Amino acid sequence: METNWKTTGELNTFFNLTADRIVAEGTHAERRTLELMASAARPFAPGAAAALNDWDGREVARLRAFGIVHGVLVRELSAPAQAGLLAQLKPSSALVLAA
């Protein structure tokens with residue numbers, strides 16, 4: 001599997017910052033991010049992906065699933081897939097518009 005260490009590092013940093021926000025505000029505050037993560041992780045860790053995206057489930061189950069999915073996406077996702085996920089995760093306000 002090809003690796004782009006810069007993209008992997010950016011993705012890991014994004015997930016670490018997401019973890020900080022989850023600690024402060026809970027998983028519901030990061031619902032969009034967790035749903036995108038679950039979708040990307042489904043082929044590698046279907047159980048954790050399902051738990052991460054189970055909004056009727058317990059918070060503790062989503063927290064545990066977040067840790068598992070975070071690791072899976074940093075280790076198992078291909079470089080192009082990581083770049084695509086990172087593009088989806090970054091807020092649109094981070095994009096620079098050229099005239």
Side-chain angles (χ1 to χ4, degrees):
M1 178 179 80
E2 71 181 87
T3 302
N4 180 323
W5 294 111
K6 182 179 184 295
T7 303
T8 300
E10 281 184 55
L11 192 62
N12 189 51
T13 297
F14 187 92
F15 292 154
N16 287 337
L17 293 172
T18 299
D20 291 342
R21 290 189 300 271
I22 287 172
V23 167
E25 302 172 33
T27 57
H28 283 280
E30 294 296 319
R31 186 174 183 142
R32 179 181 172 277
T33 296
L34 299 184
E35 288 172 350
L36 288 169
M37 290 174 69
S39 179
R42 196 163 286 115
F44 306 102
L52 189 60
N53 205 19
D54 180 4
W55 299 103
D56 293 324
R58 299 183 64 149
E59 179 79 354
V60 69
R62 281 190 302 280
L63 292 170
R64 183 167 186 219
F66 175 81
I68 294 167
V69 168
H70 174 167
V72 164
L73 294 177
V74 170
R75 285 189 319 271
E76 303 296 329
L77 210 55
S78 69
Q82 283 184 344
L85 178 59
L86 196 54
Q88 289 180 310
L89 290 169
K90 288 186 178 180
S92 59
S93 62
L95 299 176
V96 177
L97 300 177

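Computed from a predicted structure; not experimentally measured. Quick note: numbers below take in every heavy atom, side chains included, and nothing from hydrogens, waters or symmetry partners.
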Are the side chains of T18 and L89 in touch, meaning some heavy atoms are under 4.5 Å apart?
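In short, these two side chains do not touch, never coming nearer than 4.5 Å.
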Does the side chain of F44 reach to within under 4.5 Å of the side chain of V69, using non-hydrogen atoms?
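Side-chain contact under 4.5 Å: no.
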Separation between [atom1] of [X] and [atom2] of [Y], rounded to the nearest 0.5 Å:
X: R58; Y: T27; atom1: CZ; atom2: OG1; result: 12.5 Å
X: F15; Y: T13; atom1: CZ; atom2: OG1; result: 10.5 Å
X: I22; Y: H28; atom1: CD1; atom2: NE2; result: 11.0 Å
X: N16; Y: L11; atom1: CG; atom2: CG; result: 10.0 Å

Between [X] and [Y], which heavy-atom pair has the shortest distance, and what is it?
X: A41; Y: A49; result: C-CB, 4.3 Å
X: A65; Y: A48; result: CB-O, 3.4 Å
X: L77; Y: A40; result: CD1-O, 4.1 Å
X: A51; Y: A61; result: CB-O, 4.3 Å

If the test is side chain to side chain contact (heavy atoms under 4.5 Å, CB included), which one of M37, R64, H70 qualifies with L52?
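With L52 as partner, M37, R64, H70 yield a single side chain to side chain contact (heavy atoms under 4.5 Å, CB included), made by M37.
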L17 and L73: same hydrophobic cluster, using ILVMFWY side-chain contacts below 4.5 Å?
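Shared cluster, no.
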Residue among N4, T8, T7, N12 satisfying side-chain hydrogen bond (donor to acceptor under 3.5 Å, both in side chains) with Q82
T8
Under the side chain to side chain contact (heavy atoms under 4.5 Å, CB included) rule, what do T33 and F66 come out as? Steps first, then yes or no, please.
CA-CA 10 Å; T33 296; F66 175 81; 5.7 Å; no
Assess whether a salt bridge exists between E35 and R32, defined as any Lys/Arg side-chain N lying under 4.0 Å from an Asp/Glu carboxylate O.
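The answer is no: the pair does not qualify as a salt bridge.
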